[in-house]
Amino acid sequence: MARRERCNGCQLYLMVPPEAQSIRCAVCHTITNTNNAAIARWGHVHDLLIGPRGTSPHGSGTHAFPYVYGPHQRPPQPRPPLSPVSVHGRKRALLCGLNYYGKPYGLKGSINDVKCMRYLLVEKLGFPIDSILMLTEDEKDPYKIPTKQNIRKGLKWLVYGCQPGDSLVFHFSGHGDRQIDYDNDEVDGFDEALCPLDHDTEGKIIDDEINATIVRPLPRGAMLHAIIDACHSGTILDLPFVCRMNKEGFYIWEDQRKPSFYKGTSGGLAYCFSACDDNQVSADTTAFTKTSTRTGAMTFSFIQAVENEPGLTYGRLLNAMRNAIRDAKAGLRLSGPIATLVNKVFFGSTSQEPQLSSSYTFDIYSKRFVL
């Protein structure tokens, strides 16, 4: 079983495979020797059974020390290039907040969103603080700036080593977009996309890639919840089914599958709460608060509903979020543990309506929401 070792450089905890004699920190690149006597014995056994180190046909471990597996063992998944936060138990979250400082399309509430989501996960839902990776422009660590490369690495970290019983959360607050679908796997002919900080030069992260990275690998017994507060985010995870709900709370499941394209999991459950439909836009503003604080209405309607009604169902949660945003549009004020909700700016005739998509269909009013 992997163990935790403190990096000699930056003092962060690293997850070290039991057979590794040293490991390079992904953050500061310092090499830390583990000095474990059991490792020395393992090396001796390795040489006797397999041959001199470096000749193993099974692949190489950290710094070219080979891994050897018994007849009933399975090689671990390749470690993502960046693992800035140690893999910690059964709960893990990636939170990305982008204000796009200095850009004409800048936002003001996205970083507030992820800070509040982190509070909810840690203080109310039992997520260990070191199981949460937060990427914002306020971070001093260059590996925690929400660039395209860092978000990609964060997504890989989120699902790395995922096992039955794990609960994963992906929260993104920033800009979303849509573009022409060139591989013909979308029902509406468009790919939805998230906009990293450097999307002007490096490009966007499209739904096909997000699905392949965090949805497809999800094993049976594991659960992923995505909360995406961005424009055009209705099917941003490319999940097979979308819940269409009217103002009275009646719903149907819309099948988004296309022949020859599998967008489901490897047996796990995936859910996505999106700020709006694929053809809608959203923005941040400051109603529902007596301060100048800006946050996203979708994020905060989610947080408020979860805090106000423990044990609620998916249907109750979705209704509460939609009602809160309708109230925001009407200029009403809310009360409760999270009072710093925001007024969304509604563009054109397409009012923002939070959406739910899933890897399977179910009765949303009987299934309890659990993170």
Side-chain angles (χ1 to χ4, degrees), residues 89-97 109-129 131-134 158 165-173 222-230 233 236-237 239 243 245 249 251 269-276 282 284 287-289 293 295-328 332-344 352-359 362-371:
R90 301 167 67 89
K91 293 178 181 284
R92 206 178 313 162
L94 171 65
L95 314 179
C96 303
S110 295
I111 294 178
N112 292 334
D113 283 350
V114 296
K115 289 179 179 178
C116 293
M117 184 63 71
R118 180 175 62 180
Y119 173 84
L120 174 73
L121 295 176
V122 173
E123 300 298 330
K124 304 298 182 179
L125 299 175
F127 278 65
I129 187 66
S131 74
I132 297 176
L133 172 59
M134 195 160 77
L158 182 65
D166 286 357
S167 176
L168 312 179
V169 172
F170 172 43
H171 177 222
F172 180 94
S173 181
M223 187 162 50
L224 166 71
H225 285 89
I227 302 98
I228 310 298
D229 205 341
S233 55
I236 192 64
L237 260 64
L239 295 175
C243 182
M245 179 182 288
Y251 70 92
L269 304 178
Y271 310 94
C272 181
F273 289 94
S274 304
C276 56
S282 60
D284 58 13
F288 296 119
T289 176
T293 302
T295 52
M298 184 267 182
T299 296
F300 272 82
S301 61
F302 175 88
I303 293 173
Q304 179 172 258
V306 172
E307 283 206 318
N308 281 351
E309 191 178 344
L312 80 176
T313 64
Y314 283 86
R316 290 276 294 174
L317 174 56
L318 189 58
N319 269 328
M321 294 167 62
R322 293 161 72 94
N323 290 337
I325 291 178
R326 291 191 190 113
D327 290 346
L332 302 178
R333 288 189 175 270
L334 298 181
S335 60
I338 300 294
T340 48
L341 289 178
V342 295
N343 210 356
K344 284 287 183 177
Q352 175 188 354
E353 291 282 3
Q355 302 287 320
L356 171 66
S357 55
S358 173
S359 56
F362 59 95
D363 180 357
I364 64 174
Y365 288 106
S366 64
K367 184 174 179 59
R368 182 181 174 186
F369 170 76
V370 179
L371 276 184

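Computation of the quantities below employed the complete heavy-atom set of this structure, encompassing side-chain atoms and omitting hydrogens, waters and symmetry-equivalent molecules.
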Atom [atom1] in [X], atom [atom2] in [Y]: separation rounded to 0.5 Å?
| X | Y | atom1 | atom2 | value |
| --- | --- | --- | --- | --- |
| Arg118 | Ile129 | CZ | CD1 | 5.0 Å |
| Ser358 | Leu269 | OG | CG | 7.0 Å |
| Met117 | Ile303 | CE | CD1 | 4.5 Å |
| Tyr271 | Leu237 | OH | CG | 13.5 Å |
| Met321 | Gln304 | CE | CD | 11.0 Å |
| Cys96 | Ile111 | SG | CD1 | 11.5 Å |

Are the side chains of [Y] and [X] in contact, using a 4.5 Å heavy-atom criterion?
| X | Y | answer |
| --- | --- | --- |
| Thr313 | Lys367 | no |
| Phe170 | Cys272 | no |
| Phe127 | Leu120 | no |

For Arg322, check side chain to side chain donor-acceptor pair (under 3.5 Å) against everything at least two apart and list the hits.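 Counting only residues at least two positions away or on another chain, Arg322 forms no side chain to side chain donor-acceptor pair (under 3.5 Å).
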Please enumerate all residues that pass side chain to side chain donor-acceptor pair (under 3.5 Å) together with Ser274, with sequence neighbours excluded.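 With neighbours one apart ignored, the set is empty.
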For [X] and [Y], which heavy atoms make the closest approach, and how far apart are they?
| X | Y | result |
| --- | --- | --- |
| Ala305 | Leu317 | CB-CD1, 3.4 Å |
| Leu356 | Leu318 | CB-CD2, 3.9 Å |
| Ser233 | Ala275 | OG-N, 3.3 Å |
| Val370 | Met223 | O-CE, 3.4 Å |
| Val306 | Phe369 | CG2-CE2, 3.8 Å |
| Ser173 | Asp113 | OG-OD2, 2.7 Å |

Are Leu121 and His171 close enough, and set up right, to give a side chain to side chain contact (heavy atoms under 4.5 Å, CB included), and what steps lead you there? CA-CA 11 Å; Leu121 295 176; His171 177 222; over 6 Å; no
Can a side-chain donor-acceptor contact be found between Tyr251 and Asn319 if the only test is distance below 3.5 angstrom?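 Result is no, nothing qualifies.
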Whether Phe273 and His225 hold their rings parallel, tilted or perpendicular, with breakpoints at 30° and 60°: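 Judged by the thresholds at 30° and 60°, the geometry between Phe273 and His225 is parallel.
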Among Leu94, Val114, Val122, side chain to side chain contact (heavy atoms under 4.5 Å, CB included) partner for Ile132: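 With Ile132 as partner, Leu94, Val114, Val122 yield a single side chain to side chain contact (heavy atoms under 4.5 Å, CB included), made by Val122.
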Say whether, by atom type as modelled, one donor and one acceptor occur between the side chain of Lys91 and the main chain of Leu371 under 3.5 angstrom.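 Side chain of Lys91 to backbone of Leu371: a pair is present.
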Between the main-chain N or O of Thr299 and the side-chain N or O of Asp229, is there a donor-acceptor pair closer than 3.5 Å?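 Indeed, once roles are kept as given, a pair shorter than 3.5 Å links the two residues.
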Ring centres of Phe362 and Tyr314 under 6.0 Å apart?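 Ring centres of Tyr314 and Phe362 closer than 6.0 Å.
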For the pair Met298 and Ile228, evaluate side chain to side chain contact (heavy atoms under 4.5 Å, CB included) and give the outcome as yes or no after the intermediate values. CA-CA 8 Å; Met298 184 267 182; Ile228 310 298; 6.0 Å; no
